[in-house]
**Student:** 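Structure in structure tokens, see below.
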Amino acid sequence: MTPRTPRAGEEADDLDVEEALALVNDAHTPGDRPSGDRRRPNDGTHGNDGTHGTHGNEGSHGTPASGAPVHRDGTDWAEARATAERAPRLRGGHRGGHLTPVSVPLSSALGLTLAGPLIALTDLPSFDTSAMDGWAVSGPGPWDVREEGVLAGHTAHAPLTDGEAVRIATGARIPPDTTAVLRSEHGRTDDNGRLHATAATRAPHTVSHGQDIRPRGQECRNGDQLLPVGTLVTPPVLGMAAAAGYDTLTVVPRPRAAVFVLGDELLGEGLPHDGLIRDALGPLLPPWLRALGADVVDVRRVGDDEDALHQALTACDADIVVTTGGTAAGPVDHVHPTLRRLGAELLVDGVAVRPGHPMLLARFAEQQYLVGLPGNPLAAVSGLVTLAEPLLRTLAARPAAEGYTLPLRDAVQGHPHDTRLVPVALRGDRALPLLYNGPAMLRGIAAADALAVVPPGGAKPGYEAELLDLPWASGGIGVCFT
């Protein structure tokens with residue numbers, strides 16, 4: 001790979017590790033890689049991948065006159081995530097930090113979190129019902145069968161007399177004085193129309209008391225707690241709520257998110273030309289934020305102008321604003337100056353993680369948050385999982401995913417000081433590190449199932465790496481992007 005000259009404000013340390021080592025460290029040569037390995041050598045070119053010009057610098061901490069790089073320590077990666085998670089709990093009316101609960105119809109509650117326990121409004125079932133298609137019978141058999149059957153949803157029928165039976169459908173209300181339900185496959189009628197029990201496991205003409213009857217209150221009684229506060233509303237929860245008598249649910253709403261894509265050099269369509277590049281983050285961020293539980297209410301382009309950014313933030317009423325680029329200290333990096341004008345509280349200013357080192361988190365206008373993502377695409381993804389995900393999770397009162405580890409199949413080169421987030425594909429019981437994992441690249445993450453957390457110094461084959469699932473890998477596109 002041909003080395004290039006560092007841009008203004010860019011650390012030599014960043015170039016050496018994040019670009020020259022964009023490939024996963026692999027002791028194999030292309031000729032001796034294991035069969036089935038689909039990786040390809042990296043030629044070192046980023047291509048037209050939506051890099052946000054100088055906004056995407058992986059660190060802009062300056063270089064002294066001697067030319068020696070200066071390494072500014074950012075917040076520890078795990079601590080940055082913890083800070084984002086607890087930030088809403090430090091202010092606001094709810095101890096848990098979540099948004100104010102609202103009442104919504106069942107049709108709008110999917111994916112939200114219960115703000116109160118789900119209490120049964122009735123017994124379930126609310127009356128004795130048949131668990132099977134068959135006959136409701138009274139006393140020992142054989143039984144005389146009534147002509148008119150009992151169907152689900154119909155009014156109660158007259159009591160049965162001893163030795164009498166009536167056809168009954170699953171879910172239908174049991175007539176008074178019924179002894180049991182005889183399943184259709186366990187009974188037969190003779191030439192005289194009398195019903196006989198035929199189950200081989202029972203003596204002739206007998207049934208067990210209560211057999212195949214769902215008694216009133218079998219599942220719950222009126223006033224029972226069915227589900228606790230904090231439960232994620234899934235399709236079965238919606239069904240449970242409807243069965244228990246609910247038309248609406250009190251839930252924590254989705255945080256409202258706005259996306260501001262910063263930069264004059266970005267194209268919304270067509271091929272890159274004349275120094276202009278395609279915007280990769282405008283298409284990437286909104287669906288990813290929706291997958292994290294946000295309601296994306298605004299997506300806009302904002303030019304490299306401090307006043308324009310200040311005006312956009314001042315007029316925005318979203319709970320969280322996600323910006324792209326402009327988080328470093330270059331001549332058109334306006335995020336820090338704008339936050340100072342707003343009197344914002346800077347909660348995280350740089351994180352010891354690669355890619356994505358210059359990400360930030362700030363609180364402004366009382367209870368609004370800004371997540372400043374670097375402009376390089378994979379660096380922006382790093383900011384999403386580091387700061388946006390835990391922040392949104394707390395605002396929406398969503399439970400955290402249970403962490404897990406898998407051994408790495410191959411070695412991964414580490415940064416000397418910082419954590420690395422590396423795209424991996426899950427192959428059986430191992431995680432396969434993917435190529436094209438430089439900060440300006442999307443090719444690796446596009447093929448990934450998860451991000452592996454690699455400690456400073458790197459990891460050898462077999463290292464048990466913490467994995468961060470990507471939303472579509474764990475929930476499916478049809479689930480997580482609705």
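Since this is a predicted model, take the numbers as computed values, not measurements.
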**Student:** Of the options D295, D319, D298, D317, which is the one that meets R256 in a salt bridge (charged side-chain N to carboxylate O under 4.0 Å, His left out)?
**Tutor:** D317
**Student:** Does the distance from a Lys or Arg side-chain N to an Asp or Glu carboxylate O, for R86 and E79, drop under 4.0 Å?
**Tutor:** yes
**Student:** Could you point out which residue of R81, M359, R420, H415 forms a side chain to side chain contact (heavy atoms under 4.5 Å, CB included) with V353?
**Tutor:**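 When side chain to side chain contact (heavy atoms under 4.5 Å, CB included) is applied between V353 and each of R81, M359, R420, H415, only M359 qualifies.
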**Student:** Contact between I445 and L470 at the side-chain level, heavy atoms closer than 4.5 Å - yes or no?
**Tutor:**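 Side chain of I445 against side chain of L470, heavy atoms only: contact under 4.5 Å found.
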**Student:** Testing L373, T324, T323 one by one against V261 for a side chain to side chain contact (heavy atoms under 4.5 Å, CB included), which residue passes?
**Tutor:** T324
**Student:** Can you check side-chain contact (heavy atoms from CB on, under 4.5 Å) on L468 and V453, steps first, answer last?
**Tutor:** CA-CA 8 Å; L468 305 175; V453 181; 4.2 Å; yes
**Student:** Say whether, by atom type as modelled, one donor and one acceptor occur between the side chain of S184 and the main chain of D133 under 3.5 angstrom.
**Tutor:**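 Side chain of S184 to backbone of D133: a pair is present.
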**Student:** Evaluate W135 against V166 for side-chain contact (heavy atoms from CB on, under 4.5 Å), listing each step before the verdict.
**Tutor:** CA-CA 5 Å; W135 295 268; V166 62; over 6 Å; no
**Student:** Using modelled atom types only, decide if a donor and an acceptor are shared between the side chain of S126 and the backbone of D123 within a distance under 3.5 Å.
**Tutor:**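 No.
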**Student:** Is the charged tip of R363 near the ring of Y369: under 6.0 Å from the six-membered ring centre and within 45° of its axis?
**Tutor:** no
**Student:** Could you state the interatomic distance from OG1 (T129) to CZ (R216), rounded to the nearest 0.5 Å?
**Tutor:**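 It is 12.0 Å, given to the nearest 0.5 Å.
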**Student:** Can you name the nearest heavy-atom pair linking T231 to V237, along with the distance?
**Tutor:** CG2-CG2, 4.2 Å
**Student:** Any chance you could measure T327, atom OG1, to L360, atom CG, to the nearest 0.5 Å?
**Tutor:** 6.0 Å
**Student:** Can you tell me how far the CG atom of L442 sits from the OH atom of Y436, to the nearest 0.5 Å?
**Tutor:**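 With rounding to 0.5 Å, CG (L442) is 14.0 Å from OH (Y436).
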**Student:** To the nearest 0.5 Å, what is the distance between CG on D212 and NE2 on H186?
**Tutor:** 8.0 Å
**Student:** Tell me, do V424 and L451 make a side-chain contact under 4.5 Å, heavy atoms counted?
**Tutor:**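 Not in contact.
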**Student:** Can you spot which of V371, I320, L384, V322 makes a side chain to side chain contact (heavy atoms under 4.5 Å, CB included) with L392?
**Tutor:**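 Single side chain to side chain contact (heavy atoms under 4.5 Å, CB included) partner of L392 among V371, I320, L384, V322: I320.
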**Student:** For the pair D449 (side chain) and L426 (backbone), establish whether a donor and an acceptor sit closer than 3.5 Å, ignoring hydrogens and angles.
**Tutor:**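 Checking the backbone N and O of L426 against the side chain of D449, a donor-acceptor pair under 3.5 Å is found.
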**Student:** Is there a donor-acceptor contact under 3.5 Å from the side chain of T113 to the main chain of A397?
**Tutor:**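 Indeed, once roles are kept as given, a pair shorter than 3.5 Å links the two residues.
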**Student:** Do E466 and L406 have side chains that approach each other closer than 4.5 Å (heavy atoms only, starting at C-beta)?
**Tutor:**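 A side-chain contact is absent here, since even the closest heavy-atom pair is not under 4.5 Å.
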**Student:** Q368 side chain to A318 main-chain N or O, any donor-acceptor pair under 3.5 Å?
**Tutor:**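 Side chain of Q368 to backbone of A318, a donor-acceptor pair under 3.5 Å: yes, one is there.
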**Student:** Between N376 and A379 (side chain of the first, backbone of the second, donor and acceptor by atom type, cut-off under 3.5 Å), is there such a pair?
**Tutor:** no
**Student:** Is the shortest distance from a Lys or Arg side-chain nitrogen in R393 or E389 to a carboxylate oxygen in the other one below 4.0 Å?
**Tutor:** yes
**Student:** Please assess T394 against H98 for the test side-chain contact (heavy atoms from CB on, under 4.5 Å), listing each intermediate value before the final yes or no.
**Tutor:** CA-CA 6 Å; T394 297; H98 59 72; 6.0 Å; no
**Student:** Does the S130 side chain pair with the main chain of M132, one donor and one acceptor, at a distance under 3.5 Å?
**Tutor:**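 Yes, the answer is positive, given that a donor and an acceptor are paired below the 3.5 Å cut-off.
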**Student:** Looking at D224 and R221, what are the two nearest heavy atoms and their distance?
**Tutor:** OD2-N, 2.7 Å
**Student:** When you measure from the side chain of T198 to the backbone N and O of R188, does any donor-acceptor pair fall under 3.5 Å?
**Tutor:** no
**Student:** Calculate, to the nearest 0.5 Å, the distance between atoms CG and CG belonging to L421 and N437 respectively.
**Tutor:**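 The CG atom of L421 sits 10.5 Å away from the CG atom of N437.
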**Student:** Hey, mind stepping through Y246 and L118 against side-chain contact (heavy atoms from CB on, under 4.5 Å) and telling me if it holds?
**Tutor:** CA-CA 9 Å; Y246 285 84; L118 190 71; 3.5 Å; yes
**Student:** Are any of the side-chain heavy atoms of R146 and L160 separated by less than 4.5 Å?
**Tutor:**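 In short, these two side chains touch, coming nearer than 4.5 Å.
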**Student:** Quick one: closest heavy-atom pair of T75 and A80, and the distance?
**Tutor:** CG2-N, 3.7 Å
**Student:** Heavy atoms, side chains only, cut-off 4.5 Å: are V381 and W288 in contact?
**Tutor:**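 Yes, at least one pair of side-chain atoms sits under 4.5 Å.
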**Student:** Quick check: do V454 and Y463 have side-chain heavy atoms less than 4.5 Å from each other?
**Tutor:** no
**Student:** Looking only at heavy atoms, what is the nearest atom pair of P175 and A158, with distance?
**Tutor:** CB-O, 3.8 Å
**Student:** Looking at every heavy atom in both P286 and V296, which two are closest together, and how far apart are they?
**Tutor:**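 In terms of heavy atoms, the two residues are closest at O-CG2, 3.6 Å.
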**Student:** For the residue pair L226 and C220, establish whether any side-chain heavy-atom pair is separated by less than 4.5 Å.
**Tutor:** yes
**Student:** Are D128 and R173 ion-paired here, with the side-chain N under 4.0 Å from a carboxylate O?
**Tutor:** no
**Student:** Is the side chain of N192 donor-acceptor paired with the backbone N or O of R194 at a distance under 3.5 Å, no angle test?
**Tutor:**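 No; judged by distance alone, with no hydrogens or angles, the pair does not exist.
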**Student:** Do E85 side-chain atoms and A82 backbone N/O form a donor-acceptor pair below 3.5 Å?
**Tutor:** no
**Student:** Hey, what do you get for CG (D144) to CG (L195), rounding to the nearest 0.5 Å?
**Tutor:**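 These two atoms lie 9.5 Å from each other.
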**Student:** Determine whether P461 and R409 make a side-chain contact, defined as any pair of heavy atoms from C-beta on separated by less than 4.5 Å.
**Tutor:**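 They are not in side-chain contact.
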**Student:** Around atom CG of D247, are there more than 12 heavy atoms from other residues, nucleotides or ligands closer than 6.0 Å?
**Tutor:** no
**Student:** State, to 0.1 Å, how close V351 and W77 come at their nearest heavy-atom pair, and which atoms those are.
**Tutor:**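 What the structure gives for the nearest pair is CG1-CA, 3.7 Å.
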